[in-house]
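Worksheet: the structure to be examined is printed underneath.
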Amino acid sequence: MRRQIVAGRIGDIQLTPLQRFITASGMTNLADGVAVVAWAWIASLLTRDAFLVALVPVALRLPWFLLALPAGVITDRVDRRWLILRMDALRGLAFAVAALALWAALPLAPAPVAGVSDPLLYGALILAAFVVGGAEVFRDNAAQTMLPAFVPPDRLERANGQLWSAELLTNALIGPALGAMLIAVWLPLAFGLNAVAYGLALLLVAGVAGQFRPARADARDWRAELVEGLGFLRGKPLLRTLAWTTGFWNLFHQMIVIGVVLHAQENLGLSATAYGLTLAGGALGGIAGSLLGDRISRALGPARTMQWMLLASGPCFAAMAMAPGPVTLGLCFAAMEFSGFVWNVVSVSTRQRMIPDGLRGRVNSLYRLLAWGMMPVGLLLSGLLVTLAETLLPREVALTLPFWAAGLGAVLLSLVVWRAIWRGFAPQQH
């Protein structure tokens with residue numbers, strides 16, 4: 001790839017291409033953070049059925065399973081900056097339509113225990129979430145593939161740490177709190193602000209000049225291209241281990257993400273604002289993990305870092321079931337996000353170094369098919385677990401089961417892959 005990249009300017013502030021890229025990512029993640037609260041919370045205003053509430057974030061994550069492979073092929077064929085611009089425009093449009101649909105449906109009727117109070121609005125939310133999720137598949141794959149164009153290989157941990165700390169600051173610290181406040185003021189504001197945030201991100205990415213299309217000798221059949229990417233992934237045992245490990249961890253993470261919505265409302269009695277602040281508090285741990293991940297990896301080595309961070313996440317999941325209030329719940333989130341983002345700093349940087357640029361889009365898409373395709377499974381399992389458990393247990397107990405299941409699963413997962421992670425990094429540690 002040719003690195004014909006120039007800096008841009010915002011007002012009198014000179015920004016490097018990497019800074020513009022990170023700032024744009026921060027804007028889109030601010031919108032995503034607002035939506036973290038909005039999707040499930042607004043769904044819970046239409047129904048109290050845990051399974052139906054879970055279907056809205058399922059629609060958001062299902063595209064990772066359905067579209068990851070096409071996204072990889074397209075990312076390796078087109079200008080990645082061009083792809084990012086169009087996907088952000090599509091997400092902004094989807095949020096604008098969702099805001100208008102919600103506005104037209106006000107005032108909302110009381111949410112029933114079974115079924116939904118407004119099927120048309122519920123369907124519009126499902127459709128908007130699917131469009132946003134589908135655009136995110138293409139956008140995120142292109143962005144992660146594009147990042148190595150800005151920095152040399154030995155600075156990837158630092159660049160990824162800076163990127164994720166900016167994303168966490170907006171996505172998990174500012175976004176949820178802001179989203180909760182907007183919901184409290186007027187429901188459609190949460191989605192309306194997102195459309196504006198994506199518009200600003202478009203301007204930032206549009207100002208990064210350069211050529212981000214991978215060099216290709218000729219056009220080939222997409223099936224041959226996928227086979228080439230699959231062959232590379234199959235030939236790298238460490239990448240395979242990291243892919244399916246991340247997939248199962250994401251499954252457990254999504255179980256608690258959707259489980260905490262009704263748990264916070266009914267068991268802990270939290271308002272939308274308190275719920276958003278609890279999630280935002282967890283972001284502090286994630287920011288710390290993003291910024292310290294490089295140092296921790298250098299001190300412990302990449303293998304030990306990933307082993308211990310994975311093992312630590314299990315008790316964090318389980319502890320959420322016992323948290324008596326928003327402060328302790330926020331601390332659990334902080335510990336969980338810290339371990340998760342230290343893992344990410346090492347995992348993604350390792351992947352970016354191992355994969356050649358011309359294959360990066362396809363191999364990333366195959367990796368993410370395993371890693372992110374498990375997310376909707378976790379969401380569905382969480383809703384089904386609560387729904388089935390209610391037939392045998394009190395509802396307040398049933399609402400805590402996703403946390404216990406995720407905690408146990410994460411501990412078992414870490415024990416299964418402990419040796420494989422060490423073996424995978426062994427050649428780099430001698």
Test side-chain contact (heavy atoms from CB on, under 4.5 Å) on Leu147 and Leu18 and set out the steps. CA-CA 8 Å; Leu147 179 66; Leu18 178 61; 3.7 Å; yes
So, for Leu46 and Ala111, which heavy atoms are closest and what is the spacing to 0.1 Å? C-CB, 3.7 Å
I'd like to know whether Val78 forms a side-chain contact (heavy atoms from CB on, under 4.5 Å) with Phe138, so could you lay out the CA-CA distance, the side-chain angles of the two residues, the decisive distance to 0.1 Å, and finally the verdict. CA-CA 11 Å; Val78 303; Phe138 288 88; over 6 Å; no
Rounded to the nearest 0.5 Å, the CH2 atom of Trp64 sits from the CG atom of Leu369 at a distance of 10.5 Å
Relative to the ring of Phe252, is the ring of Phe248 parallel (under 30°), tilted (30 to 60°) or perpendicular (over 60°)? tilted
Without swapping roles, check the side chain of Thr387 against the backbone of Gly383 for a donor-acceptor pair under 3.5 Å. yes
In the structure I gave you, are the side-chain heavy atoms of Leu182 and Leu187 within less than 4.5 Å of one another anywhere? no
Nearest atoms (heavy-atom pairs only) where Ala190 meets Val34: O-CG1, 3.4 Å
Sequence neighbours excluded, which residues qualify as ring pair (Phe, Tyr, Trp, His ring centres under 6.0 Å) partners of Trp186? Trp103
Less than 4.5 Å apart, any side-chain heavy atom of Val97 and any of Val131? no
Using the salt bridge (Lys or Arg N to Asp or Glu O under 4.0 Å) rule, collect all pairs that involve residues 184-204, keeping only residues at least two apart or in two chains. none
Show every ring pair (Phe, Tyr, Trp, His ring centres under 6.0 Å) that has at least one partner inside residues 20-63, sequence neighbours left out. Phe21-Phe150, Trp39-Phe95, Trp39-Phe191, Trp41-Tyr275
Tell me if the CZ atom of Arg158 is crowded by more than 12 foreign heavy atoms within 6.0 Å. no
Do Pro63 and Glu136 come within less than 4.5 Å of each other through their side chains, counting heavy atoms only? no
Would a distance-only check, ignoring hydrogens and angles, find a side-chain to backbone donor-acceptor pair under 3.5 Å from Arg80 to Ala142? no
In Å and rounded to the nearest 0.5 Å, what is the CG to OG1 distance from Asn29 to Thr170? 4.5 Å
Do Thr328 side-chain atoms and Gly325 backbone N/O form a donor-acceptor pair below 3.5 Å? yes
Under the side-chain hydrogen bond (donor to acceptor under 3.5 Å, both in side chains) rule, what pairs show up with a residue in residues 173-185, not counting sequence neighbours? none
For atom CH2 of Trp308, decide whether the heavy atoms of other residues, nucleotides or ligands shown that lie under 6.0 angstrom number more than 12. no
Before you tell me yes or no, could you show the steps for Leu108 and Leu121 under side-chain contact (heavy atoms from CB on, under 4.5 Å), namely the whole-Å CA-CA distance, both residues' side-chain angles and the distance that decides it to 0.1 Å? CA-CA 10 Å; Leu108 299 180; Leu121 176 59; 3.6 Å; yes
Is it true that a side-chain atom of Arg362 and a backbone atom of Val73 form a donor plus acceptor pair closer than 3.5 Å? no
Do Phe317 and Val411 come within less than 4.5 Å of each other through their side chains, counting heavy atoms only? no
Got a second to check how far Ile355's CD1 is from Tyr367's OH, nearest 0.5 Å? 8.5 Å
CD1-CG distance between Ile183 and Leu45, expressed to the nearest 0.5 angstrom: 7.5 Å
When you look at CZ of Phe65, are more than 12 heavy atoms from neighbouring residues, nucleotides or ligands closer to it than 6.0 Å? no
Side-chain donor/acceptor of Arg81 to backbone N/O of Ala206, under 3.5 Å: yes
To the nearest 0.5 Å, how far apart are OG1 in Thr75 and CG in Asn141? 4.0 Å
Just by modelled atom types, is the Leu310 backbone N or O under 3.5 Å from a matching donor or acceptor in the Ser313 side chain? yes
Can Asn194 and Val132 be said to form a side-chain contact (heavy atoms from CB on, under 4.5 Å), step by step? CA-CA 11 Å; Asn194 286 4; Val132 169; over 6 Å; no
Nearest heavy-atom pair of Thr47 and Gly115: which atoms, and what distance? OG1-O, 2.7 Å
Would you say that Thr350 contacts Phe425 through its side chain, given a criterion of any heavy-atom pair below 4.5 Å between the two side chains? yes
Taking side-chain hydrogen bond (donor to acceptor under 3.5 Å, both in side chains) as the cut-off, I'd like each qualifying pair that reaches into residues 87-101, sequence neighbours left out, listed once. Asp88-Arg91, Asp88-Arg139, Arg91-Tyr198
Going by heavy atoms in the side chains, are Met336 and Ile256 under 4.5 Å from each other? yes
Measure across Ala50 and Val386 and return the closest heavy-atom pair with its distance rounded to 0.1 Å. CB-CG1, 4.0 Å
Can you find a pair of side-chain heavy atoms, one from Val260 and one from Thr278, that are under 4.5 Å apart? no
So Arg20 and Pro17, do their side chains get closer than 4.5 Å, heavy atoms only? no
Residues two or more places apart in sequence or in another chain: which of them pass side-chain hydrogen bond (donor to acceptor under 3.5 Å, both in side chains) with Gln265? Ser44, Arg48
What heavy-atom pair brings Ala312 and Cys316 nearest, and what distance separates the two atoms? O-SG, 3.3 Å
Check whether more than 12 heavy atoms from other residues, nucleotides or ligands sit under 6.0 Å from atom CG of Leu120, and answer yes or no. no
From Glu390 atom CD to Leu385 atom CG, the distance as rounded to the nearest 0.5 Å: 10.5 Å
Quick check: does any side chain N or O of Ser382 sit under 3.5 Å from a backbone N or O of Gly378, one acting as donor and the other as acceptor? no
Does Arg395 have more than 12 heavy atoms from other residues, nucleotides or ligands lying within 6.0 Å of its CZ? yes
